[in-house]
Q: 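Sharing a structure with you now.
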Amino acid sequence: MTSAPAYGLADWGTSRFRLWLVDGTGNIIAEKRSNDGLDASRERGFATTLEAHLAELGAPAQLPVIVCGMAGSRQGWVEANYVAVPADLNAILSGAVKVTGTDRDVRIIPGLSQSGRFPNVMRGEETQLLGAMLARNITDGVVAMPGTHSKWVELQSGRAKAFSTYLTGELYALLASQSILRHSVQGAVSSASADHPQFTAAVELMLSGEAMLGELFPIRAAMLLENLSPEGAASRLSGLLIGAEIAGARSKHQGRVALVASGSMATLYGKALSLAGIEFGAVDADEAVRKGLFVAASAIWPR
């Protein structure tokens with residue numbers, strides 16, 4: 001017999017939407033993934049979008065839902081203001097904002113902000129961070145969360161002390177689809193491989209201190225002059241960007257790294273961190289965000 005759902009957990013990003021129904025211990029009962037991100041949901045209506053997905057999963061009418069991500073941005077459903085670092089977990093949880101005008105109890109988790117010399121913000125990753133910390137009992141060190149905008153967070157005594165953002169994923173997508181390098185990648189955007197020699201060479205080049213800008217166009221030249229394959233081009237481009245990210249991050253954040261990633265992203269970053277000689281442990285990204293959302297829901301609606 002399937003347990004009755006206790007909470008709805010939603011990760012609402014710019015382009016993607018993920019929803020899980022979980023029982024009172026956090027076990028998944030049902031899940032749904034779609035392209036109903038920020039822009040699509042804003043046009044359709046956030047409440048309408050959420051209720052449609054909940055109905056598909058057979059969620060009870062009064063099931064409470066906790067949300068993280070861009071639904072809480074200024075352009076989203078309801079703005080959930082940022083919590084400034086240094087911040088502890090309780091500050092993040094207590095800052096959840098209640099959505100008004102709906103019959104269902106929906107709360108949105110705030111992001112984190114950093115002012116001063118290195119201004120920065122994150123929204124959505126703070127929940128993944130919370131889940132990773134709790135899942136692996138991490139209180140000190142560095143948490144790396146690769147993605148469209150990769151986040152590196154420095155932890156001290158269980159508090160988020162400082163963080164950095166790298167536009168690695170976004171730059172890869174732009175360069176591979178809209179720059180002259182698109183002719184070299186030729187549809188192999190998803191074919192970057194951690195095992196390809198081009199990936200290794202590119203990461204090592206960036207870790208040696210070379211400037212990335214001067215190494216991008218040679219991908220095009222290597223295709224013309226040396227028959228570099230699309231897979232090799234994608235692997236080299238990925239290696240340059242990830243290598244540059246890690247080189248920059250290790251100059252700012254020291255300590256053992258918890259790598260929060262899944263699938264090919266975990267493999268690529270794991271290989272690059274190993275090449276950099278950085279000790280790390282892996283945390284599944286989906287597991288982390290669900291754990292963070294579940295802990296937040298349990299704190300708001302204790303059972």
Side-chain angles (χ1 to χ4, degrees), residues 2-3 5-38 41 49-50 53-54 56-57 59 63 65-72 89 92-93 96 107-109 111-112 122-138 142-153 155 160 163 168-170 172-173 190 192 194 242 257-273 280-299:
T2 303
S3 302
Y7 310 113
L9 315 176
D11 179 11
W12 215 323
T14 301
S15 58
R16 296 285 294 164
F17 173 87
R18 298 183 293 177
L19 174 67
W20 299 274
L21 302 188
V22 299
D23 64 18
T25 58
N27 294 315
I28 299 172
I29 296 173
E31 65 179 296
K32 178 73 185 298
R33 299 167 188 253
S34 79
N35 293 322
D36 289 322
L38 177 66
S41 299
T49 300
L50 177 60
H53 288 300
L54 287 168
E56 282 190 43
L57 297 182
L63 184 74
V65 177
I66 187 77
V67 179
C68 71
M70 294 304 292
L89 305 184
I92 298 173
L93 298 181
R107 310 290 178 100
I108 302 179
I109 297 174
L112 290 177
M122 72 166 72
R123 193 176 288 283
E125 295 91 353
E126 78 294 321
T127 305
Q128 197 173 66
L129 171 66
L130 169 61
M133 293 173 67
L134 293 172
R136 298 294 185 271
N137 194 28
I138 303 167
V142 179
V143 177
M145 296 176 283
T148 303
H149 301 153
S150 296
K151 305 290 184 181
W152 288 66
V153 185
L155 299 176
F163 62 97
T168 308
E170 183 169 356
Y172 181 84
S190 301
I242 293 175
V257 171
L259 175 63
V260 185
S262 302
S264 62
M265 197 74 72
T267 305
L268 290 166
Y269 273 80
K271 177 65 173 291
L273 287 169
F280 72 96
V283 181
D284 182 77
D286 274 5
E287 176 190 348
V289 74
R290 285 197 306 269
K291 179 72 171 178
L293 285 165
F294 176 73
V295 169
S298 300

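The shown structure was predicted, so the numbers you read here are calculated from the model rather than taken from an experiment.
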Q: Between Arg33 and Glu31, does any side-chain N to carboxylate O distance fall below 4.0 Å?
A: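 A salt bridge links Arg33 with Glu31.
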Q: Please name the pair of heavy atoms, one in Ile109 and one in Ala296, separated by the smallest distance, quoted to 0.1 Å.
A: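 Ile109 and Ala296 have their closest heavy atoms at CD1-CB, 3.7 Å.
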Q: Please enumerate all residues that pass ring pair (Phe, Tyr, Trp, His ring centres under 6.0 Å) together with His53, with sequence neighbours excluded.
A: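 Phe17.
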Q: Between Leu112 and Ala160, which heavy-atom pair has the shortest distance, and what is it?
A: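 That would be CD1-CB, 4.1 Å.
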Q: Specify the closest pair of heavy atoms between Lys291 and Gly131, including all atoms of both residues, with the distance to one decimal.
A: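 That would be CG-O, 3.7 Å.
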Q: Do you know which two heavy atoms are closest between Thr127 and Cys68, and how far apart they sit?
A: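 So the minimum-distance heavy-atom pair works out to OG1-CB, 3.2 Å.
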Q: How would you list, by chain and number, every residue that makes a ring pair (Phe, Tyr, Trp, His ring centres under 6.0 Å) with Tyr269, sequence neighbours excluded?
A: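 For Tyr269, no residue satisfies ring pair (Phe, Tyr, Trp, His ring centres under 6.0 Å) once neighbours in sequence are set aside.
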Q: Test Val142 against Leu155 for side chain to side chain contact (heavy atoms under 4.5 Å, CB included), laying out the working first.
A: CA-CA 6 Å; Val142 179; Leu155 299 176; over 6 Å; no
Q: May I ask you to decide if Leu50's main-chain N or O and Trp12's side chain share a donor-acceptor pair within less than 3.5 Å?
A: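 No; judged by distance alone, with no hydrogens or angles, the pair does not exist.
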Q: Work out which heavy atom in Phe294 is nearest to a heavy atom in Thr25; give both atom names and the distance.
A: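 In terms of heavy atoms, the two residues are closest at CZ-C, 3.5 Å.
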Q: Sequence neighbours left out, what passes salt bridge (Lys or Arg N to Asp or Glu O under 4.0 Å) with Arg18? Give chain and number order.
A: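 Partners of Arg18 by the salt bridge (Lys or Arg N to Asp or Glu O under 4.0 Å) criterion, ordered by chain and then number, come out as Asp11, Asp286.
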Q: What heavy-atom pair brings Asp284 and Glu287 nearest, and what distance separates the two atoms?
A: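 Reported closest heavy-atom pair: OD2-N, 2.9 Å.
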Q: Within this structure, what is the CE-OG1 distance for the pair Met70 and Thr14, rounded to the nearest 0.5 Å?
A: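 Rounded to the nearest 0.5 Å, the CE-OG1 separation comes to 4.5 Å.
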Q: CE of Met122 to CE of Met145: how many Å apart, nearest 0.5 Å?
A: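 Rounded to the nearest 0.5 Å, the CE-CE separation comes to 4.5 Å.
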Q: Checking Asn35 now: which residues fulfil side-chain hydrogen bond (donor to acceptor under 3.5 Å, both in side chains) with it, not counting sequence neighbours?
A: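 With neighbours one apart ignored, the set is Arg16.
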Q: Can you name the side-chain contact (heavy atoms from CB on, under 4.5 Å) partners of Ala272, sequence neighbours left out?
A: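 Once residues adjacent in sequence are excluded, the partners of Ala272 under the side-chain contact (heavy atoms from CB on, under 4.5 Å) criterion are Phe199, Val203, Ile242, Ile246.
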Q: Among all residues two or more places apart in sequence or in another chain, which pass the side-chain contact (heavy atoms from CB on, under 4.5 Å) test with Ala6?
A: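 So Ala6 forms a side-chain contact (heavy atoms from CB on, under 4.5 Å) with Arg303.
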Q: Quick one: does any side-chain atom of Glu126 pair with a main-chain N or O of Gly124 as donor and acceptor, under 3.5 Å?
A: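 It does hold such a pair.
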